[in-house]
Visitor: 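Dropping the structure in here first, questions after.
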Amino acid sequence: MVPLIRQCVENHMSYVKKIIDNDITENEMKALVSKYALDIVGSCAFGLDLKVYDDSKNEFFEMAKSLTYSTPLRRIIYVLEFFIPGIKSIFKIKKDKRADFFCNLVSNVIKMREDTLSARRDFMDLMIELRKEGKAIKRINDAILEIEINNEMITSQAFLFFVAGFEATSSSIAYILYELALHPDIQSRLYKEISSVSDKYNGVLEFEALADMTYFNMVFYEAVRKNANPFYLSRVASSDYMLPEENLLIEKGTLVLISYGGVNKNPEYWENPDEFNPENFSVENMKNKPQCSEIIFSAGPRNCLGTRFAELQNMLYIAEFLKNFKVEACSKTVKSLEFDPKYISTTKHGIWIKILRRDSNE
């Protein structure tokens, strides 16, 4: 899928150059990068051109934004359902149109792929191939888990790809550029690494380049750690487990909620957790930290399957962006991000920075 990602990067660079040339240098970065994120989802997941750069109202963009918002009533019911399973059936909530939207979308894409051979090798191609085999097999420790692959499973995975791809991509890239705007010395060091690695690979960065982008990975993970969203990771205990320090038994089947911010900003593992310091993720410093001292892409056997994909699409974007532009703080740039509880990871005052063309001699 690297060629597909690279094309999406080129599309967005052209768009950014256009708005900068029109003297629109101060931008809210999450809104700006969301076009790239949606383009990635459309191309790499569904093989569709979602026309994200057209000025007309975009159905996919509106759907993506709606998925990150929840009404107060829905949030309350969602939390109560964890503690009182089945309680949501008591409330008369209108059927979510978003479910129909995704079911119809995936159904149409599958039918289109069945009628016409595809050579895209994107997400839908891979899922359709798995469906032909009937099941997927995953080994977890000594156990073997068989998962039936049908249209319902493909739809649910496509939904996750859409939500995570849009929200996580736009947020993580916005966080990185925000922190670089506030820390020009780190921006300069990262630019030098990108230039060096790019020269090594003759300007064509792929998966292999990730291993050489050590400072990029440090910046990427630290930006997401420091700006961890206020939500939580949910898991169900697969067996009884005693927390030794608390003398507390977590019984099998118990729902466990794990705070992203609570873990990623735990002062026991992160010195000055509210400060941006990429050295936190140096090889030497990470050796001294226990497993799961940070939760960036979830953790455990059910961690995020798209970790490498996310790293690659972020690397390719940031590399190309910093080759062409540099970022600075502007009058609207806030010193720290405050999240809006109505959304998954949207800040109250936006992520505003100034984008400038990079001098070709730098």
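Source: prediction; values computed, not measured.
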Visitor: Can you tell me if E271 and N277 form a side-chain donor-acceptor pair at under 3.5 Å?
Guide: no
Visitor: Show the numbers, then the answer: is there a side chain to side chain contact (heavy atoms under 4.5 Å, CB included) between S34 and E167?
Guide: CA-CA 8 Å; S34 66; E167 182 60 30; over 6 Å; no
Visitor: Please round to the nearest 0.5 Å and tell me the distance separating atom CD of E279 and atom CE of M286.
Guide: 13.0 Å
Visitor: Same cluster for V236 and L257 if Ile/Leu/Val/Met/Phe/Trp/Tyr side chains link at under 4.5 Å?
Guide: yes
Visitor: With hydrophobic residues grouped by side-chain heavy-atom distances under 4.5 Å, do L316 and V52 end up in a single group?
Guide: yes
Visitor: Given side chains that start at C-beta, do those of V327 and L356 come closer than 4.5 Å, heavy atoms only?
Guide: no
Visitor: Using a cut-off of 6.0 Å, state whether more than 12 heavy atoms not belonging to E152 lie near its atom CD.
Guide: no
Visitor: So, using salt bridge (charged side-chain N to carboxylate O under 4.0 Å, His left out) as the criterion, who are the partners of E328 when residues are at least two apart?
Guide: none
Visitor: What's the separation between atom SG in C8 and atom NZ in K35, rounded to the nearest 0.5 Å?
Guide: 13.5 Å
Visitor: Going through the checks in order, is the side chain to side chain contact (heavy atoms under 4.5 Å, CB included) test met by V9 and I40?
Guide: CA-CA 9 Å; V9 171; I40 282 280; 5.8 Å; no
Visitor: Answer yes if the side chains of E222 and N280 hold a donor-acceptor pair under 3.5 Å, and no otherwise.
Guide: yes
Visitor: Kindly work out whether a path of hydrophobic side-chain contacts (I/L/V/M/F/W/Y, heavy atoms less than 4.5 Å apart) joins W352 to L180.
Guide: no
Visitor: If I compare all heavy atoms of L312 with all of V2, which pair ends up nearest, and what's the gap?
Guide: CD2-CG2, 3.6 Å
Visitor: According to side chain to side chain contact (heavy atoms under 4.5 Å, CB included), who are the partners of N11, at least two apart in sequence or on a separate chain?
Guide: Q7, D39, Y53
Visitor: In this structure, are over 12 heavy atoms from other groups packed under 6.0 Å from K289 atom NZ?
Guide: yes
Visitor: Thinking salt bridges, do D359 and K326 make one under a 4.0 Å N-O criterion?
Guide: no
Visitor: Heavy atoms, side chains only, cut-off 4.5 Å: are Y260 and K265 in contact?
Guide: no
Visitor: Are the side chains of V197 and L205 in contact, using a 4.5 Å heavy-atom criterion?
Guide: yes
Visitor: M213 pairs by side chain to side chain contact (heavy atoms under 4.5 Å, CB included) with which of L190, I318, V219, I194?
Guide: I194
Visitor: On the ring face of Y191, is R358 found with NZ or CZ under 6.0 Å from the centre and within 45° of the axis?
Guide: yes
Visitor: Within the 3.5 Å criterion, strictly below it, is a donor on Y15 or E10 matched to an acceptor on the partner's side chain?
Guide: no
Visitor: List in chain and number order the residues that pass ring pair (Phe, Tyr, Trp, His ring centres under 6.0 Å) with Y215, two or more places apart in sequence or in another chain; answer none if no residue qualifies.
Guide: none
Visitor: Any chance the side chains of S198 and K323 put a donor and an acceptor closer than 3.5 Å?
Guide: yes
Visitor: What I want to check is whether the side chains of R131 and N151 have a donor and an acceptor closer together than 3.5 Å.
Guide: yes
Visitor: In sequence, state the C-alpha distance, the side-chain angles, and the governing distance for S171 and K30, and then conclude on side chain to side chain contact (heavy atoms under 4.5 Å, CB included).
Guide: CA-CA 6 Å; S171 295; K30 187 168 182 184; 3.2 Å; yes
Visitor: Start with the C-alpha distance between E320 and K17, add both sets of side-chain angles, then the distance that settles salt bridge (Lys or Arg N to Asp or Glu O under 4.0 Å), and finish with yes or no.
Guide: CA-CA 12 Å; E320 197 62 30; K17 289 174 183 176; 6.0 Å; no
Visitor: Would you say the side chain of D240 lies within less than 4.5 Å of the side chain of I250, judging by non-hydrogen atoms?
Guide: no
Visitor: Heavy-atom distance under 4.5 Å between the side chains of P273 and N266, does that happen here?
Guide: no
Visitor: Taking 4.0 angstrom as the limit, do D274 and K226 come out as a salt bridge?
Guide: no
Visitor: How would you list, by chain and number, every residue that makes a ring pair (Phe, Tyr, Trp, His ring centres under 6.0 Å) with F46, sequence neighbours excluded?
Guide: none
Visitor: Quick one: sort the Y317 and Y36 rings into parallel, tilted or perpendicular, breaks at 30° and 60°.
Guide: tilted
Visitor: Take I351 and E28, measure what side chain to side chain contact (heavy atoms under 4.5 Å, CB included) needs, and give me the verdict at the end.
Guide: CA-CA 5 Å; I351 305 176; E28 201 290 306; 3.6 Å; yes
Visitor: Between the side chains of R225 and E294, is the shortest nitrogen-to-carboxylate-oxygen separation below 4.0 Å, so that they form an ion pair?
Guide: no
Visitor: Is any side-chain heavy atom of N108 closer than 4.5 Å to one of M112?
Guide: no
Visitor: Looking only at the side chains, is there a donor atom on one of S282 and N285 sitting less than 3.5 Å from an acceptor on the other?
Guide: yes
Visitor: Could you tell me how the ring of F101 sits relative to the ring of F60: parallel (under 30°), tilted (30 to 60°) or perpendicular (over 60°)?
Guide: perpendicular
Visitor: To the nearest 0.5 Å, what is the distance between CD1 on I176 and CD1 on I186?
Guide: 12.0 Å
Visitor: With sequence neighbours left out, what residues match T333 under side chain to side chain contact (heavy atoms under 4.5 Å, CB included)?
Guide: Y178, L182, A329, C330, I353
Visitor: Taking the side chain as every heavy atom from C-beta outward, state whether D21 and R357 have any pair of such atoms under 4.5 Å apart.
Guide: yes
Visitor: Among residues at least two apart in sequence or on other chains, which ones pass ring pair (Phe, Tyr, Trp, His ring centres under 6.0 Å) with W270?
Guide: F281
Visitor: Search all heavy atoms of S170 against all heavy atoms of F166 and return the closest pair with its distance.
Guide: OG-O, 2.8 Å
Visitor: With heavy-atom distances below 4.5 Å as the criterion, would you say the side chains of L337 and K348 are in contact?
Guide: no
